[in-house]
Amino acid sequence: MIFLFWVTGNRRFTSVSYFCAMKTMKKLAIGCLYLLIVALASATIVETYQGTAFVKQYFYSSLPFAFLWAIVAVSILLFLINRKVAKRPAAFMIHLAILVILGGALLTRLTGQHGHLQLSPGQPQSSFQTEKNAERLPFSVTLTDFQIRYYSGTRAPLDFVSQIRINHGMTTTSGEVSMNRIFKYRGYRFYQAGYDNNGGVTLRIAHDPYGIGLTYAGYALLLLSFFLFFADPHSRFRHLLKRPELKRNTLITGMLLALGTLHAMPQAPRALPKAIADQFGDLYVCYNNRICPVQSLAKDFTLKLYGKTNYRSYTAEQVLTGWMFYPSDWKETSLIKIKKGAAREILGITGKYARWEDFTNTHNGYKLDSAMRRIHEGHKVADKSAFIAADEKYNLIAMLFSGTMLHLYPIRNADNEVEWFARTDVLPDNVCDEEWLFVKKTQSYICELAVNEDYDELSEVLAKIKQYQIKNAGDSLPKSIVIQAEKSYNKLIHTRLIAIIGMVFGLLLFAYYSMSIARQRTVAPLVRLAAFIGAIALAAYLSLIMALRWIAGQHVPLSNGFETMQFMAWCAVLLALALRHRFGMILPSGVLVSALAMMVSMMGEANPRITQLVPVLSSPLLSIHVAVLMFAYSLLAFIMLNGIAAILIHARNKDNLPQIERLKTISQILFYPAVFALAIGIIVGAIWANVSWGTYWSWDPKEVWALITLMVYTLALHEDALPALRKPMPFHWFSVLAFLSVAFTYFGVNFLLGGLHAYV
């Protein structure tokens, strides 16, 4: 700070010296940014081995770490004092907002209090426990009631609600604390954190009246400055849009390949006619803590066993009912997919599919018993995941055979609450004899009808089961539009096939476009039209799938890895269509990014079931947070592909500098909305965390790597401090390599580091 006052206050300080000092300070700030990126990345890796408490003490709470942030803050302050900033109000406000946010974080660290408050019913509590010691409250808190609210007709938690009473002197105040709903009192905020089996609860308590207010003010200022930046006619973004190389519209070509395979088919097992199997799939079932059509369970069952949602020409409903009614045939069918390795050796199979009979020896001994016992005892076992997956599939079929899988029968208990039962469950005492027989014997009867091929009678019995479900479940059943949406979704979801076709299509487009630029060729209108139609078809498919999943799940489909990658695919192709006239390269890039995101969605969650939202995710902030981040990642993926195209063009024709420069300009234009959207996504996520957990930043690995990604891409917006990025090829190489931080933020954290945000 002494340096700061001397720089700004000494009249003999010349303009040349001032310029040199500012330039040195910028380099120092960039150097500190590099060190922060390395420190943050190292902390997340060390955390996996030493634990969260270790990195908080020796990394995030250490003096060197604070010193690095202090240098960044001082450099920002010097930037604000710079006389040229007055001519750039948006840039001034952006840096001022960052300084305010850092100030808010400092205040939170110095004055904020965070801890947990343990409450038992009817027992006042006037202190809470922090990480270091107990802190007294100026009032007492008493738990008067706690309830778990469930989704209608299921035991899936919808919300956790605590009723509390605060006694402060002669004043008594009552309040309610639930997930995503804070109760505030005299600067203290209470959050629902946990509960026990004795009716007690754990509330997270936060007291940070100064830090949060200043931090939120910084967030608001930053958002406002982003809008001002894009509105400013003199901003660098607007200047880039006027660059002459953008006036030439480069077009795209491509072709769509259809892939198919034919293979010999062994003798087919018996199955119900498709119409009867569909009728069985139309029944309601309580599955995965939600009421849905049996069709959804059948799809997941088949996908889990076989790796696809159908087996040859059989639908998922035919596969499920085939195992139920014709077990002798299906036990001999090789459709249980086994990962390669030791599991296949123990089962005695050479291919990738096993039969049910392969799991047992001649004495009906379970072949995987020894390996699973060693795994459960904590021993190291080669190909552990393969054994676990194979055991899960075997037990899945065993559950179907035993009758414990299908909870088809809604019964009202003594409290008039609807519960769903399987035929093997113990039924409530209030069930009459006639209903007891219906529940216990119906499935045996329909099995007999199926074996005897009496399909007319079977259809009538299935209709009676459906009538029974509607009568007993009543209003707890999902609305008709919800069930129809889920059934349509189950029939239309072919993400893997669409992704493969899209990847082939996108790669051909991308390669052809890059070669066209290198050879300076024009594109035929027919090929342009094919590319446009392909992108439109992909956008329409994703829009329909997302809409159906939204209706079926009754929440915005952004709650897990599968859904977020589907949303990214949707963003990518829509952005490509919207900007295709301005940036020709964006159409093949959009198709390719969209297809890759779809493929990754299937890899990240091979069985993308529709589920109820856990209470903490039932917040509109979640949808905004994920949507904005996926938008940012889509733009950064475009920039990365632009860089790859430039590298390919440069390798083919080093003299084609105008096109390489044009690609750089396009990437720079996309950089600003991408980086700003990334920052907004982090801000919304911080607010969501503050509403849900009582702290807007917890140094979770996902949060840290999102911050690292923002820092990495921020470097590209400071070409004056990094003159190498002014040249096209270094910039393009940076664009490609920087995307590794995005990939690690989404995938590396999920599969290697874990944390609160990991989608595994």
Side-chain angles (χ1 to χ4, degrees), residues 36 39-40 43 47 52-70 72-73 76 97-119 125-141 164 166 168 175 177 179-194 202-222 616 619 621 682-704 706-707 755-757:
L36 277 171
L40 290 170
E47 184 176 354
T52 303
F54 181 87
V55 294
K56 281 190 176 181
Q57 180 178 354
Y58 294 102
F59 280 84
Y60 304 132
S61 299
S62 65
L63 286 177
F65 189 72
F67 181 71
L68 288 176
W69 283 112
V72 172
I76 292 174
I98 296 172
L99 195 61
V100 172
I101 292 171
L102 291 176
L106 179 62
L107 275 178
T108 294
R109 180 172 178 177
L110 296 177
T111 65
Q113 292 178 308
H114 296 83
H116 289 86
L117 180 65
Q118 301 286 346
L119 295 176
Q125 183 63 261
S126 57
S127 64
F128 65 98
Q129 184 67 42
T130 66
E131 290 184 356
K132 297 180 180 180
N133 48 39
E135 296 286 343
R136 296 287 299 176
L137 289 167
F139 46 80
S140 66
V141 184
I164 62 174
I166 294 179
H168 193 179
V177 185
M179 302 306 299
N180 297 310
R181 192 175 298 112
I182 308 169
F183 178 72
K184 301 177 183 178
Y185 182 79
R186 300 290 180 92
Y188 288 87
R189 294 172 297 136
F190 299 87
Y191 305 81
Q192 185 69 49
T202 301
L203 300 183
R204 183 174 176 84
I205 187 169
H207 185 248
D208 185 19
Y210 309 112
I212 288 181
L214 189 60
T215 301
Y216 277 20
Y219 290 163
L221 186 61
L222 189 62
V616 73
S619 169
L621 292 175
I682 292 174
I683 288 173
V684 175
I687 296 173
W688 174 41
N690 193 38
V691 171
S692 298
W693 292 293
T695 176
Y696 51 84
W697 197 263
S698 59
W699 297 110
D700 179 76
K702 194 80 164 185
E703 296 174 347
V704 172
L707 180 60
L756 293 172
H757 299 72

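- The shortest side-chain heavy-atom distance between P138 and R186 does not fall under the 4.5 Å cut-off.
- Counting heavy atoms from C-beta on, the side chains of V141 and I205 never come closer than 4.5 Å.
- Here D208 contributes atom CG and L107 contributes atom CG; the two are 8.0 Å apart, rounded to the nearest 0.5 Å.
- Considering only heavy atoms from C-beta on, R189 comes within 4.5 Å of I212 through its side chain.
- When all heavy atoms of H116 and R204 are compared, the pair lying nearest together is CE1-NH1, 3.6 Å.
- Between W699 and F65, the ring-plane angle classifies as perpendicular under the 30° and 60° cut-offs.
- With contacts defined as side-chain heavy-atom distances shorter than 4.5 Å, the pair W697/T108 does not qualify.
- Between F183 and G175, the shortest heavy-atom contact is CE1-CA, 3.5 Å.
- Residues K56 and S698 approach most closely at CE-O, 3.9 Å, considering heavy atoms.
- The distance from the OH atom of Y188 to the CD1 atom of I166 is 10.5 Å, given to the nearest 0.5 Å.
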TODO: Let me see the working for Y191 and N690 under side-chain contact (heavy atoms from CB on, under 4.5 Å), right down to the final yes or no.
DONE: CA-CA 9 Å; Y191 305 81; N690 193 38; 3.8 Å; yes
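- Contact check for H168 versus Y185: side-chain heavy atoms found under the 4.5 Å cut-off.
- Note that the CD atom of E135 and the CZ atom of F128 stand 5.5 Å from one another [nearest 0.5 Å].
- Summarising the geometry of F190 relative to V177, their closest heavy-atom pair is O-CG1, 3.6 Å, with the distance given to 0.1 Å.
- Annotation: L63, atom CG; neighbour count of heavy atoms from other residues, nucleotides and ligands within 6.0 Å does not exceed 12.
- When the side chain to side chain donor-acceptor pair (under 3.5 Å) test is applied to Q129, no partner is found at least two apart in sequence or on another chain.
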TODO: Please assess Y60 against L40 for the test side-chain contact (heavy atoms from CB on, under 4.5 Å), listing each intermediate value before the final yes or no.
DONE: CA-CA 8 Å; Y60 304 132; L40 290 170; 3.9 Å; yes
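- Shown here for G218 and A97, the closest heavy-atom pair between the two residues is O-CB, 3.6 Å.
- Taken from OH in Y219 to CG in L214, the straight-line distance is 10.5 Å, to the nearest 0.5 Å.
- Annotation for Y58: atom OH does not count as buried by contact number, only 12 or fewer foreign heavy atoms lying within 6.0 Å.
- Across A66 and R109, no two heavy atoms sit closer than the pair CB-NH1, 4.1 Å.
- Summarising the local packing, OH of Y210 is surrounded by 12 or fewer heavy atoms from other residues, nucleotides or ligands at distances under 6.0 Å.
- Note that CD1 of I683 is 4.5 Å distant from CG of L222, once rounded to the nearest 0.5 Å.
- By the ring-ring contact (aromatic ring centres under 6.0 Å, His included) test, H114 pairs with no residue at all, sequence neighbours left out.
- Note: L102 CG to T215 OG1 = 9.0 Å, rounded to the nearest 0.5 Å.
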